[in-house]
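Just so you know, these numbers come straight off a predicted model, no measurement behind them.
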Amino acid sequence: MIVAAGQFVVTPDWRTNAQTCVALMAQAASQQASLLVLPEALLARDDNDPHLSVKSAQRLDGGFLTLLCEESRRNTLTTVLTVHVPSTEGRAFNTLVVLRGGKVIAQYAKLHLYDAFNIQESARVDAGDDVAPLIDIEGMKVGLMTCYDLRFPELAMKLALDGAQLLVLPAAWVRGPLKEQHWATLLSARALDTTCYVVAAGECGNKNIGQSRIVDPQGVTLAAAAEAPALIVAEVSEERVAQTRDTLPVLRNRRFAAPRLL
């Protein structure tokens, strides 16, 4: 099947961002994609206000996702992205949502909050408590992760042991020394750790790197974007996963117990 990852610069206006998402959804559908992954925290972003994403939080039935669901009804595309959803006063969950057929068919609150490199996501965001169940796209089992989750191989391994063949990762990967190298290395590592495809979409702009990628189970990059807005596509197959796991049976050969949440 065809999968896609779209990246763009998130603006301070949620309506503008929603229209950009709608346009990318239509573009991906026109290329016969079955899956589109969009970046993390798409409601609003402002370089001068690091908390705008949380301040702009909306419920799942708010205006932003309503517009995206209207577009979702027009095709068979499965779309993955993250938005901030209110929790308590002044706080939110960084919530991955999966759209299909005009509905939210799955959601996942980010487990690992980005308290690193002098940023403290937990100052305004509450962590989730559950690993999301796999979703099915045309018979392929898909595991859900968000941005900083990429640095924790236990989650990717848990999803693979549950049956995932492909991992999705909406992200807003912050620029900084060695950060682009970390991104590329970790995407390939998680693919090789789990013998899964990885479809990662990164927000681009002044503070985030973009660089969306689609990586196959052998760690090979099938498609990649640079720092500018883009839509990338690639073909994935269950056969490639099966062949990789036959010749590189790391899931069977491991000597450690399956990861579990603390």
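- Each of Val125 and Leu150 belongs to its own hydrophobic cluster when Ile, Leu, Val, Met, Phe, Trp and Tyr are linked at side-chain heavy-atom distances under 4.5 angstrom.
- Separating the CD1 atom in Ile135 from the CG atom in Leu144 is a distance of 5.0 Å, to the nearest 0.5 Å.
- The minimum heavy-atom distance linking Leu192 with Pro217 is given by the pair CD2-O, 3.9 Å.
- Panel note: side chain Lys207, backbone Asp47; a donor-acceptor pair is recorded below 3.5 Å.
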Inset, instruction - Show the numbers, then the answer: is there a side-chain contact (heavy atoms from CB on, under 4.5 Å) between Asp216 and Val236? - result: CA-CA 8 Å; Asp216 90 345; Val236 303; over 6 Å; no
Inset, instruction - Would you check, one step at a time, whether the test side-chain hydrogen bond (donor to acceptor under 3.5 Å, both in side chains) holds for Glu138 with Ser34? - result: CA-CA 8 Å; Glu138 296 189 7; Ser34 299; 2.5 Å; yes
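- A salt bridge links Asp126 to Arg91: at least one charged side-chain nitrogen sits closer than 4.0 Å to a carboxylate oxygen.
- In the displayed structure, Lys55 atom NZ is contacted under 6.0 Å by more than 12 heavy atoms of other residues, nucleotides or ligands.
- Side-chain atoms of Thr247 come within 3.5 Å of backbone atoms of Thr244 as a donor-acceptor pair (strictly under, hydrogens ignored).
- Residues Leu60 and Val85 meet the side-chain proximity criterion, which asks for heavy atoms closer than 4.5 Å.
- Side-chain contact check for Pro170 versus Cys147: every heavy-atom pair is 4.5 Å or farther apart.
- No more than 12 heavy atoms of other residues, nucleotides or ligands sit less than 6.0 Å from atom NZ of Lys158.
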Inset, instruction - Could you walk me through whether Leu169 and Leu187 pass the side-chain contact (heavy atoms from CB on, under 4.5 Å) test, one step at a time? - result: CA-CA 9 Å; Leu169 187 87; Leu187 288 173; 4.1 Å; yes
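- Between the Asn208 side chain and the Gly210 main chain, no donor and acceptor come within less than 3.5 Å of each other.
- When atom types are taken as modelled, the side chain of Asp130 and the backbone of Ala132 share no donor-acceptor pair closer than 3.5 angstrom.
- Put simply, OG1 on Thr195 and CZ on Arg245 are 4.0 Å apart, with the number rounded to the nearest 0.5 Å.
- Minimum heavy-atom separation, Ala29 to Asn75: CB-ND2, 3.9 Å.
- With Gln19 contributing its side chain and Trp14 its backbone, the two residues share no donor-acceptor pair below 3.5 Å.
- Annotation: side chain to side chain contact (heavy atoms under 4.5 Å, CB included) contacts of Leu261 (sequence neighbours excluded): Leu111, Val131.
- A distance of 10.5 Å separates CD1 in Ile214 from OH in Tyr197, rounded to the nearest 0.5 Å.
- Judged by distance alone, with hydrogens and angles left aside, the side-chain atoms of Gln120 form no donor-acceptor pair with the main-chain N or O of Tyr114 at under 3.5 Å.
- For residues 220-237, the pairs satisfying side-chain hydrogen bond (donor to acceptor under 3.5 Å, both in side chains) are Arg213-Thr221, with sequence neighbours left out.
- The hydrophobic clustering, which links ILVMFWY residues whose side-chain heavy atoms are closer than 4.5 Å, places Leu134 and Val3 together.
- Remark: the backbone N or O of Ala228 is paired with a side-chain donor or acceptor of Gln7 at under 3.5 angstrom.
- Note on residues 52-100: no pairs pass ring-ring contact (aromatic ring centres under 6.0 Å, His included), not counting sequence neighbours.
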Inset, instruction - Decide yes or no on side-chain contact (heavy atoms from CB on, under 4.5 Å) for Lys103 and Leu99, but give the supporting numbers first. - result: CA-CA 5 Å; Lys103 298 179 180 179; Leu99 309 178; over 6 Å; no
Inset, instruction - Verify side-chain contact (heavy atoms from CB on, under 4.5 Å) between Thr79 and Leu81, making sure each step is shown before the conclusion. - result: CA-CA 7 Å; Thr79 302; Leu81 64 146; 4.0 Å; yes
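- Contact check for Val174 versus Lys179: side-chain heavy atoms found under the 4.5 Å cut-off.
- The side-chain hydrogen bond (donor to acceptor under 3.5 Å, both in side chains) analysis of residues 142-156, with sequence neighbours excluded, yields the pairs Tyr108-Asp149, His112-Asp149, Arg151-His182.
- Considering all non-hydrogen atoms of both residues, Ser72 and Met25 come closest at N-CE, 3.8 Å.
- Scanning all heavy atoms of the two residues, the minimum distance from Val199 to Ala5 falls at CG1-CB, 4.1 Å.
- For the atom pair Asn94 CG and Thr82 OG1, the distance stands at 4.0 Å (nearest 0.5 Å).
- Remark: side-chain polar atoms of Arg175 are paired, donor with acceptor, to backbone N or O of Asn206 under 3.5 angstrom.
- No donor-acceptor pair under 3.5 Å is formed between the side chain of Glu203 and the backbone N or O of Leu42.
- More than 12 heavy atoms of other residues, nucleotides or ligands lie within 6.0 Å of CZ in Arg254, so this atom counts as buried by the packing criterion.
- Taking Asp115 as the reference, Ser122 meet the side chain to side chain donor-acceptor pair (under 3.5 Å) condition, with sequence neighbours excluded.
- There is a path of hydrophobic side-chain contacts, each under 4.5 Å, that joins Val168 to Leu222.
- The structure places CD of Gln165 at 8.0 Å from NZ of Lys141, a figure rounded to the nearest 0.5 Å.
- Linking ILVMFWY residues whenever their side-chain heavy atoms come closer than 4.5 Å, directly or via other members, places Leu166 and Ile232 in the same cluster.
- The minimum heavy-atom distance between Thr11 and Thr16, with the atom names listed, is OG1-CB, 3.7 Å.
- Distance alone, capped at 3.5 Å, places no donor-acceptor pair between the Ser212 side chain and the Gly6 backbone.
- Around the CG atom of Asn118, the shell of radius 6.0 Å holds no more than 12 heavy atoms that belong to other residues, nucleotides or ligands.
- Partners of Arg74 according to the side chain to side chain contact (heavy atoms under 4.5 Å, CB included) rule, which considers only residues two or more places apart in sequence or in another chain, are Glu71.
- Across Ala160 and Cys196, no two heavy atoms sit closer than the pair CB-SG, 4.1 Å.
- Using modelled atom types, one finds no donor on one side chain facing an acceptor on the other under 3.5 Å when comparing Gln107 with Thr95.
- In this structure, OG on Ser53 lies 9.5 Å from CD on Glu121, to the nearest 0.5 angstrom.
- Val37 and Val233 are assigned to two separate hydrophobic clusters, defined by single-linkage of ILVMFWY side chains at heavy-atom distances under 4.5 Å.
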